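These notes are about the structure you will find just below.
Just so it is clear, the values below take in all heavy atoms, side chains as well, and ignore hydrogens, waters and symmetry mates. Please read all numbers here as calculations on a predicted model, not as lab measurements.
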Amino acid sequence: MSVKVAGLGLCFLFGAVSLAAETDALIAKLGSPRFAEREAASSALSKLGDRAIPLLRDSLQDQDPEVKSRAEFLIDSIERDMLTKAPRIVLDDQTKTLGAVVEAIAQSQGMRVRLEEGAASTQRPFRANSKEVMTFWPLMDRLSLNPVWEGDAFGGASTAGRSGGVRLVRQEGRALPRVDQGPFRITSLPALWTHDALPVDPRLIQPGIGRFRRLDREPDLVIPLKILAEPRLGLRVAGPIRILEAIDVHGRVVPASDLSSPEVVLTTGIRDRASSTAAANIRLHPQNEVGKSLKRLKGVIPMEVEARKLEPTVISLSSIAREPRAIPCGGTNILVHSVRPTADGTGGFLFEVSFRQESLKILGRVGRMPQRRLQELLPDSDPIWQNLEVVDASGQPFTIVGQESVGPLAADGEVRKLITLRSKNAGASPPNEVRFYGQIRTNLDLAFDFRDLPLP
């Protein structure tokens, strides 16, 4: 080993030790008798971000309730902050293959990412600058690739933390106007003129349903927006868009339409709240000829963002068998009813479990939607059963090959599932523990600012 390489290794080691020592010292001050010291330590740990999380998790077992409560708050605060920041992808200064870059993207997203056949060769060389740091969307553009969220094993839409993963496909056609903000991308789809009016409550909109025509007035200008999040995230449009500025090529203000303005469009019902894609429309009602473009369109979209927690809550099935009880995992209560072998002799197991989300305020989200429609959508609105992993005594995960609901939806929102498990290894031991990855959520205002937006 050269002196230079050895020196770099020692620097890295001392840096890691120094960070751990600094974090330990700050965590110790969380229990200081002086309020000012506790606040200063909390602020410093918050600035360390995800680097402080491992040691903060160790502090959850601290005997000092002040240290424990502050560690819980800091972990939650740091994880929420990570939802609105794009993870950095550090590329080597040596020539790499495209396959290696895709693997780096997968690590940054914490999920499976694959290159679609025909998009490009995984052996294609990729050269980065010295320790070049990029984020997801600029890297997609540089590779001339687009992400496509794949469905899970049961045909549902791909969402944050679910199975299915993402495949990268070749970019086709002319790039549409878009705005990037951290881990989010807002794309303006081709605008259109329409007489269609929409219901007063835009949350009830479904494709081709609830629309009627208004021929007694000039048409509206509708600008569809597509909002994309990095694959690790799920998102939902949480309210109407706020238009801050709409100026035509003549410098005149273009007013919003009075029919339904601006509107949120649910393309697949409530399930869009957990998807990495969302849709929204801006509806304007020009008073004059606007020309072939908008000089400026600026606004804010209220969003709810979610992702899987970095570390799971672990439930021992042996202890549950002795004393069945609901285990709180963040805002979700989990009750394991039974684990039994399948009757087909294939070595599989049937895992019966109930989920209930304490914080689910579904009635407030759907407004005046009929109760029957609510019950149809609720079981699929947030398929939290997909956030669990069942492992045997050696830590090997079982594969979920099927699931079905057991009984009707409970009055308190409890969803009961019978999940079929298969082991990848012959002769595997029975399920030993459940690892449940709770969801973290936060709200933000996603800003967009388009210039010279083309019109039909």
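The shortest side-chain heavy-atom distance between L388 and I315 does not fall under the 4.5 Å cut-off. A heavy-atom distance below 4.5 Å is not found between the side chains of R236 and M303. Put simply, the side chain of P183 does not reach to within 4.5 Å of the side chain of F136, judged on heavy atoms. P87 is listed as a side-chain neighbour of E230, based on a closest heavy-atom distance under 4.5 Å. Counting heavy atoms from C-beta on, the side chains of L228 and W137 come closer than 4.5 Å. The closest side-chain heavy-atom distance from V336 to E352 is not below 4.5 Å. Using a 4.5 Å heavy-atom cutoff, the side chains of L30 and S42 are in contact. Contact annotation: the side chain of I89 never approaches that of Q107 to less than 4.5 Å [non-hydrogen atoms, C-beta and beyond].
When atom types are taken as modelled, the side chain of E404 and the backbone of G402 share no donor-acceptor pair closer than 3.5 angstrom. With hydrogens and angles ignored, the 3.5 Å screen pairs a side-chain donor or acceptor of T97 with a backbone N or O of A100. Remark: side-chain polar atoms of S276 are paired, donor with acceptor, to backbone N or O of L233 under 3.5 angstrom.
Side-chain contact of S405 with K417: a donor-acceptor pair under 3.5 Å is present, judged by distance alone.
Pairing each heavy atom of F448 with each of V300, the nearest pair is CE2-N, 3.7 Å. Across K295 and D248, no two heavy atoms sit closer than the pair CB-O, 3.4 Å. Residues L145 and Q171 share a closest heavy-atom pair of O-NE2, 3.1 Å. Across all their heavy atoms, I223 and S188 have their closest contact at CG2-OG, 3.6 Å. Across L83 and V305, no two heavy atoms sit closer than the pair CD1-O, 3.7 Å. Closest of all the heavy-atom pairs between P190 and L176 is CD-CD2, 4.4 Å.
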Give the C-alpha distance, both sets of side-chain angles, the deciding distance and a yes or no for side chain to side chain contact (heavy atoms under 4.5 Å, CB included) between V249 and V290.
CA-CA 7 Å; V249 291; V290 294; over 6 Å; no
Evaluate side chain to side chain contact (heavy atoms under 4.5 Å, CB included) for I419 paired with V401, printing each intermediate quantity in order.
CA-CA 8 Å; I419 300 171; V401 296; over 6 Å; no
CA sep, side-chain torsions, deciding dist, call: I334, F355, side chain to side chain contact (heavy atoms under 4.5 Å, CB included)
CA-CA 5 Å; I334 300 177; F355 306 94; 4.0 Å; yes
Working for side chain to side chain contact (heavy atoms under 4.5 Å, CB included), residues I227 and I301
CA-CA 10 Å; I227 305 108; I301 311 175; 4.1 Å; yes
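Remark: E132 pairs with R142 by the salt bridge (Lys or Arg N to Asp or Glu O under 4.0 Å) rule, at least two apart or across chains. For E66, the salt bridge (Lys or Arg N to Asp or Glu O under 4.0 Å) partners at least two apart in sequence or on another chain are R38, R70.
The distance from atom NZ of K47 to atom CG of D81, rounded to the nearest 0.5 Å, is 13.0 Å. From L55, atom CG reaches atom CG of L60 across 11.0 Å, with rounding to the nearest 0.5 Å. Separating the OG1 atom in T277 from the CG atom in L235 is a distance of 7.0 Å, to the nearest 0.5 Å. One finds the CD1 atom of I400 at 6.5 Å from the CG atom of L421 (value rounded to the nearest 0.5 Å). From E218, atom CD reaches atom CD of Q287 across 9.5 Å, with rounding to the nearest 0.5 Å. Expressed to the nearest 0.5 Å, how far OG of S77 lies from CG of L45 amounts to 11.0 Å.
Salt-bridge formation is not detected for the pair R296/D452: no Lys NZ or Arg NE/NH1/NH2 atom is positioned less than 4.0 Å from an Asp or Glu carboxylate oxygen. Taking the charged nitrogens against the carboxylate oxygens, E389 and R435 do have a contact shorter than 4.0 Å, which makes a salt bridge. Of the charged side-chain nitrogens involved, none lies within less than 4.0 Å of a carboxylate oxygen, so that D180 and R178 do not count as a salt-bridged pair. A salt bridge links R167 with E116: the closest approach of a Lys/Arg side-chain nitrogen to an acidic carboxylate oxygen falls below 4.0 angstrom.
The only option from K85, R57, R232 that meets the salt bridge (Lys or Arg N to Asp or Glu O under 4.0 Å) definition with E79 turns out to be R57.
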